[in-house]
Amino acid sequence: MLINASIEGLDLPCVSCDDAVAVEQAWRHLESLGHERVGLVLGPSDHVPSRRKLAAARAVAKALPPEHVERSLFSLEGGQAAASRLLERGVTGIVCASDPLALGAVRAARRRGLAVPADVSVVGFDDSAFMNCTAPPLTTVRQPIEAMGRAAVELLSALIQSGAVPPGELLFEPELVVRGSTAQARR
């Protein structure tokens with residue numbers, strides 16, 4: 001069984017957050033605030049959820065220039081470096097593939113003398129436990145971890161009991177949690 005890592009060609013059951021819905025929620029939120037130059041900070045190119053998020057961003061964005069996409073390891077420092085490059089290119093809204101990447105983006109903005117959310121809006125992904133305690137509290141897309149965990153346990157239990165479970169992917173819908181790291185774009 002796989003969790004958040006469906007692999008083509010393997011007939012294994014998989015439990016995943018719907019990355020396409022996650023990116024659409026974050027992207028549409030930034031667009032609704034008037035952000036026209038939105039960038040994306042993803043994990044490595046072989047990371048399945050990051051590949052899915054990129055495909056979703058390309059589908060939802062009116063135009064996604066290649067220079068508005070940066071990749072990084074999933075760390076605060078990686079997010080800071082990737083976001084710095086996006087900020088140099090004039091991006092005012094940043095969608096990150098994890099909360100640590102988003103916190104790095106906030107740090108990158110501050111180091112450039114920019115305020116979050118007055119100058120740059122940042123959206124994370126996961127809704128880690130302390131994201132409402134950051135300064136500013138992080139707008140993020142929450143994975144339904146509890147429901148995904150229950151489904152994974154049920155699939156594993158069925159696999160142990162019967163020796164087989166049907167292959168396929170169970171997709172769980174995320175939820176945008178709007179906090180203080182996003183605001184109306186400056187005109």
Side-chain angles (χ1 to χ4, degrees), residues 3-4 16-44 47 49-50 52-54 56-57 60-61 64 68-149 172-187:
I3 298 177
N4 269 344
S16 299
C17 183
D18 192 330
D19 292 305
V21 171
V23 168
E24 183 174 352
Q25 289 176 348
W27 208 275
R28 297 256 186 254
H29 174 62
L30 291 176
E31 285 182 336
S32 76
L33 294 171
H35 292 279
E36 296 173 356
R37 296 178 57 82
V38 178
L40 189 61
V41 177
L42 299 169
H47 182 247
S50 289
R52 288 178 169 187
K53 285 177 175 73
L54 178 58
V60 74
L64 181 60
H68 285 192
V69 178
E70 287 290 335
R71 293 194 177 271
S72 169
L73 296 178
F74 287 100
S75 67
L76 184 74
E77 296 78 13
Q80 180 180 341
S84 289
R85 292 187 294 272
L86 290 174
L87 292 169
E88 287 171 7
R89 298 175 192 132
V91 166
T92 65
I94 302 175
V95 175
C96 298
S98 74
D99 289 341
L101 291 173
L103 295 177
V106 170
R107 182 191 280 177
R110 287 186 178 147
R111 294 233 169 128
R112 295 179 65 83
L114 301 171
V116 175
D119 300 311
V120 178
S121 288
V122 178
V123 179
F125 179 77
D126 287 331
D127 196 26
S128 307
F130 296 106
M131 294 306 101
N132 62 336
C133 301
T134 60
L138 187 68
T139 295
T140 187
V141 179
R142 178 183 294 153
Q143 291 191 74
I145 297 296
E146 189 174 312
M148 290 170 62
F172 287 79
E173 188 160 333
E175 171 191 4
L176 178 68
V177 180
V178 178
R179 295 191 182 108
S181 66
T182 56
Q184 199 72 32
R186 284 198 172 171
R187 293 283 171 213

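This one's a predicted model, so the numbers in the text were calculated from it and none came from an experiment. When a residue number appears, it is its place in the shown sequence, counting from 1.
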> Between Ser72 and Gly79, which heavy-atom pair has the shortest distance, and what is it?
Replying inline: OG-N, 3.7 Å

>> Does Leu138 form a side-chain contact (heavy atoms from CB on, under 4.5 Å) with Val122? I'd like the steps, not just the answer.
In response: CA-CA 8 Å; Leu138 187 68; Val122 178; 4.2 Å; yes

> How about Val95 and Val38: do any of their side-chain heavy atoms sit closer than 4.5 Å?
Replying inline: yes

> So, for Cys17 and Pro144, which heavy atoms are closest and what is the spacing to 0.1 Å?
Replying inline: SG-CD, 4.2 Å

> How close do Phe125 and Ala22 get, heavy atom to heavy atom, and via which atoms?
Replying inline: CE1-CB, 3.5 Å

> Do Leu64 and Leu54 have side chains that get closer than 4.5 Å, going by heavy atoms?
Replying inline: yes

>> Nearest 0.5 angstrom please: Arg85 CZ to Gln80 CD, how far?
In response: 10.5 Å

> Ignoring hydrogens and geometry, is there a side-chain-to-backbone donor-acceptor pair from His47 to Ser50 under 3.5 Å?
Replying inline: yes

> Measuring from Leu40:CG to Leu101:CG, what's the distance to the nearest 0.5 Å?
Replying inline: 10.0 Å

> Any chance CD of Gln184 has more than 12 other-residue heavy atoms, nucleotides or ligands included, within less than 6.0 Å?
Replying inline: yes

> Do side-chain atoms of Arg37 reach the backbone of Thr92 as a donor and acceptor pair under 3.5 angstrom?
Replying inline: no

> Distance from Ser75 atom OG to Leu103 atom CG, nearest 0.5 Å?
Replying inline: 11.0 Å

> For the residue pair Ile94 and Val41, what are the closest heavy atoms and their distance?
Replying inline: CG2-CG2, 3.8 Å

> Looking at CG of Asp18 and CD of Glu173, how far apart are the two atoms once the value is rounded to the nearest 0.5 Å?
Replying inline: 7.0 Å

> If you measure from OG on Ser16 to CZ on Arg52, what distance do you get to the nearest 0.5 Å?
Replying inline: 5.0 Å

> Does a donor on one side chain sit under 3.5 Å from an acceptor on the other, for His35 and Ser121?
Replying inline: yes

> Under 4.5 Å between any side-chain heavy atoms of Ser181 and Val123, yes or no?
Replying inline: no

> Do the charged groups of Lys53 and Glu24 touch, with an N to O distance under 4.0 Å?
Replying inline: no

> Between the side chains of Asp127 and Thr140, does any donor sit under 3.5 Å from an acceptor?
Replying inline: no

>> Is any side-chain heavy atom of Pro44 closer than 4.5 Å to one of Leu73?
In response: yes

> Is the shortest side-chain N to carboxylate O distance from Asp119 to Arg186 below 4.0 Å?
Replying inline: yes

> For Ala26 and Val141, which heavy atoms make the closest approach, and how far apart are they?
Replying inline: CB-CG2, 4.1 Å

>> Between Met131 and Arg142, does the side-chain contact (heavy atoms from CB on, under 4.5 Å) criterion hold? Intermediate values first, please.
In response: CA-CA 11 Å; Met131 294 306 101; Arg142 178 183 294 153; over 6 Å; no

>> Taking Pro137's backbone N and O only, do any of them form a donor-acceptor pair with Arg179's side chain (distance below 3.5 Å, no angle check)?
In response: no

>> If you apply the rule side-chain contact (heavy atoms from CB on, under 4.5 Å), what do you find for His29 with Thr182, and how did you get there?
In response: CA-CA 9 Å; His29 174 62; Thr182 56; 2.9 Å; yes

> Got a second to check how far Thr139's OG1 is from Leu176's CG, nearest 0.5 Å?
Replying inline: 7.0 Å

>> For Ser128, is there any backbone N or O sitting under 3.5 Å from a side-chain donor or acceptor partner on Asp99?
In response: yes

> At their closest point, which heavy atom of Val60 faces which heavy atom of Glu31, and how far apart are they?
Replying inline: O-OE2, 4.5 Å

